[in-house]
A.B. asks: 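Okay, handing you the structure first.
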Amino acid sequence: MKDTPAAPALHGAEASPLGQPVAYRDTYAPELLFPIERQLKRDELGIAAGALPFVGADLWNAYELSWLNPRGKPVVALASFTVSADSPRLIESKSLKLYLNAFNQSRCADAQAVAALIRADLSAAAGAPVEVAVEPLGEAPRRASGTPEGICLDGLDIDIDTYRPQPAFLAAAAGQPEVAETLYSYLLKSNCLVTGQPDWGMVAVRYRGAPIERAGLLRYIVSFRRHNEFHEQCVERIFCDLMARCRPRELLVWARYTRRGGLDINPWRATPGMAPPANTMEIRQ
């Protein structure tokens, strides 16, 4: 299958700070946030506005958040943000980094006040309520790490020569007894939609239905290697392709992308009723 470049298309980030030199601000500046309409890329997948075939969220973890307390002493913290997949807009990651850095010389009463500001600003940018948690490091926050409970595909000994998404690789064994399993791979690599910089991640597929052909699934995952798309959009593409080609009765797809600019992004999409994945750190995060 020929590995040819995709035709350029509008994606909503043309005027974002991605790939552009910027001056860092160090005082509170909510105007730095750059939202992007989700529907622009969903149109490519045939997803009609207001008719999502999935539920889900984009789970962000922030490791570089700091502000000044009322006496000017710095506080450092971890934070997490959960943006619902049904929000009309996603938030471009460099703009979020710039926004968070703008707290560095801002005085805030406490972590709750910082969380309230971030919650209001991200909700306004996304067009829907965003869940926010802020945990000062002095309070010893903990994060769980581990691997999915399932089968890693990466040991399969297969030939691969296609590095742009190829849904035709996906197939399920129709007529075979239904299974419920989780398959995952560390070989997901895509590229930033604007800059082309590599994005590395682990992707997991939990489903109930006819057995998905594992070699084909791994070939499909690797086929994203030269594909330019944001993290959230890659996961939605994987979900839609699996539903169309394999028709599972239940499906959950999630990815955990490695950290960039003090942020990691972990989108998940699922058929309604499936439990979301835990916020368990991948080893490269």
Side-chain angles (χ1 to χ4, degrees), residues 13 15-36 57-84 87-146 192 195 197 199 230-232 256-267 276-285:
S16 80
L18 272 173
Q20 301 180 30
V22 294
Y24 278 82
R25 304 265 298 271
D26 64 3
T27 53
Y28 175 63
E31 65 274 13
L32 292 173
L33 291 169
F34 190 92
I36 296 172
D58 308 326
L59 174 60
W60 299 66
N61 294 301
Y63 304 91
E64 298 177 7
L65 175 60
S66 183
W67 64 91
L68 304 179
N69 74 8
R71 300 179 64 186
K73 181 181 176 182
V75 181
V76 291
L78 298 179
S80 64
F81 321 124
T82 303
V83 184
S84 176
S87 64
R89 297 180 290 276
L90 59 85
I91 298 167
E92 188 277 311
S93 60
K94 185 175 180 180
S95 78
L96 180 53
K97 173 189 175 179
L98 295 171
Y99 164 77
L100 294 177
N101 272 293
F103 279 87
N104 287 343
Q105 292 299 122
S106 301
R107 297 198 180 207
C108 299
D110 52 28
Q112 289 72 33
V114 173
L117 280 174
I118 295 174
R119 184 178 301 111
D121 294 338
L122 295 189
S123 297
V130 173
E131 297 177 19
V132 174
V134 174
E135 302 175 283
L137 294 184
E139 298 175 7
R142 296 186 179 276
R143 291 282 311 281
S145 63
C192 173
T195 67
Q197 292 185 54
D199 295 322
F230 291 139
H231 305 353
E232 302 92 333
R256 299 200 65 91
Y257 280 90
T258 56
R259 192 183 311 181
R260 178 185 289 172
L263 296 164
D264 63 49
I265 311 173
N266 310 279
N279 187 15
T280 302
M281 293 177 65
E282 200 262 317
I283 192 168
R284 293 174 293 179
Q285 294 181 319

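A quick note: this is a predicted structure, and the numbers were derived from the prediction, not measured.
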A.B. asks: Contact between V83 and L90 at the side-chain level, heavy atoms closer than 4.5 Å - yes or no?
C.D. replies: no

A.B. asks: Measure from the side-chain N and O atoms of R107 to the backbone N and O of L68, and report whether any donor-acceptor pair falls under 3.5 Å.
C.D. replies: no

A.B. asks: Do L100 and L263 have side chains that approach each other closer than 4.5 Å (heavy atoms only, starting at C-beta)?
C.D. replies: yes

A.B. asks: To the nearest 0.5 Å, what is the distance between CG on L65 and CD on E135?
C.D. replies: 11.0 Å

A.B. asks: Output the distance between atom CZ (R259) and atom CZ (R284), rounded to the nearest 0.5 Å.
C.D. replies: 13.0 Å

A.B. asks: Just so I know, are the side chains of D199 and C192 near enough to count as touching, which here means a heavy-atom distance under 4.5 Å?
C.D. replies: yes

A.B. asks: Mind checking whether D58 and F81 have side chains closer than 4.5 Å, heavy atoms only?
C.D. replies: no

A.B. asks: What heavy-atom pair brings W67 and S106 nearest, and what distance separates the two atoms?
C.D. replies: CB-O, 3.6 Å

A.B. asks: Mind listing the closest non-hydrogen atom pair of Q285 and Y257 along with its distance?
C.D. replies: NE2-O, 2.9 Å

A.B. asks: Which atoms form the tightest heavy-atom contact between R89 and A125, and what is the distance?
C.D. replies: NE-O, 2.7 Å

A.B. asks: Between atom OG1 of T82 and atom CG of N266, what is the distance when rounded to the nearest 0.5 Å?
C.D. replies: 10.0 Å

A.B. asks: Would you find a donor on one side and an acceptor on the other, under 3.5 Å apart, between the side chain of N104 and the backbone of N101?
C.D. replies: yes

A.B. asks: Identify the two heavy atoms, one from A102 and one from A29, that lie closest to each other, and give their separation to 0.1 Å.
C.D. replies: CB-N, 3.9 Å

A.B. asks: Once you round to the nearest 0.5 Å, how far does CD of E64 lie from NZ of K97?
C.D. replies: 6.5 Å

A.B. asks: First locate atom CD of E232, then atom OG of S93, and finally report the distance between them rounded to the nearest 0.5 Å.
C.D. replies: 8.0 Å

A.B. asks: Search all heavy atoms of A126 against all heavy atoms of P88 and return the closest pair with its distance.
C.D. replies: O-CD, 3.2 Å

A.B. asks: According to ring-ring contact (aromatic ring centres under 6.0 Å, His included), does anything in residues 106-126 pair up with another residue at least two apart or in another chain? List the pairs.
C.D. replies: none

A.B. asks: Taking the side chain as everything from C-beta on, heavy atoms only, tell me whether L96 gets closer than 4.5 Å to L33.
C.D. replies: yes

A.B. asks: Checking the side chain of S66 only, and the main-chain atoms of V75 only, is there a donor and an acceptor separated by less than 3.5 Å?
C.D. replies: yes

A.B. asks: If you compare all heavy atoms of R25 against all heavy atoms of E31, which two are closest, and at what distance to 0.1 Å?
C.D. replies: NH2-OE2, 3.0 Å

A.B. asks: Near L137 CG, under 6.0 Å, is it more than 12 heavy atoms from other residues, nucleotides or ligands?
C.D. replies: yes

A.B. asks: So, do R143 and N61 sit near enough that their side-chain heavy atoms are less than 4.5 Å apart?
C.D. replies: yes

A.B. asks: Examine distances only and state if a side-chain atom of S95 and a backbone atom of E92 form a donor-acceptor pair shorter than 3.5 Å.
C.D. replies: yes

A.B. asks: Show me, pair by pair, the donor-acceptor contacts under 3.5 angstrom made by side chains of residues 110-123, not counting sequence neighbours?
C.D. replies:
{"unit_1": "D110", "atom_1": "OD1", "unit_2": "Q112", "atom_2": "N", "d": "3.2"}
{"unit_1": "D110", "atom_1": "OD1", "unit_2": "A113", "atom_2": "N", "d": "2.8"}
{"unit_1": "R119", "atom_1": "NH2", "unit_2": "V132", "atom_2": "O", "d": "3.3"}
{"unit_1": "D121", "atom_1": "OD1", "unit_2": "Y28", "atom_2": "OH", "d": "3.1"}
{"unit_1": "D121", "atom_1": "OD2", "unit_2": "Y28", "atom_2": "OH", "d": "2.6"}
{"unit_1": "D121", "atom_1": "OD2", "unit_2": "Y99", "atom_2": "OH", "d": "2.7"}
{"unit_1": "S123", "atom_1": "OG", "unit_2": "R119", "atom_2": "O", "d": "2.7"}
{"unit_1": "S123", "atom_1": "OG", "unit_2": "V130", "atom_2": "N", "d": "2.9"}

A.B. asks: Hey, could you give me the CG/CD distance between D26 and Q105, rounded to the nearest 0.5 Å?
C.D. replies: 5.0 Å

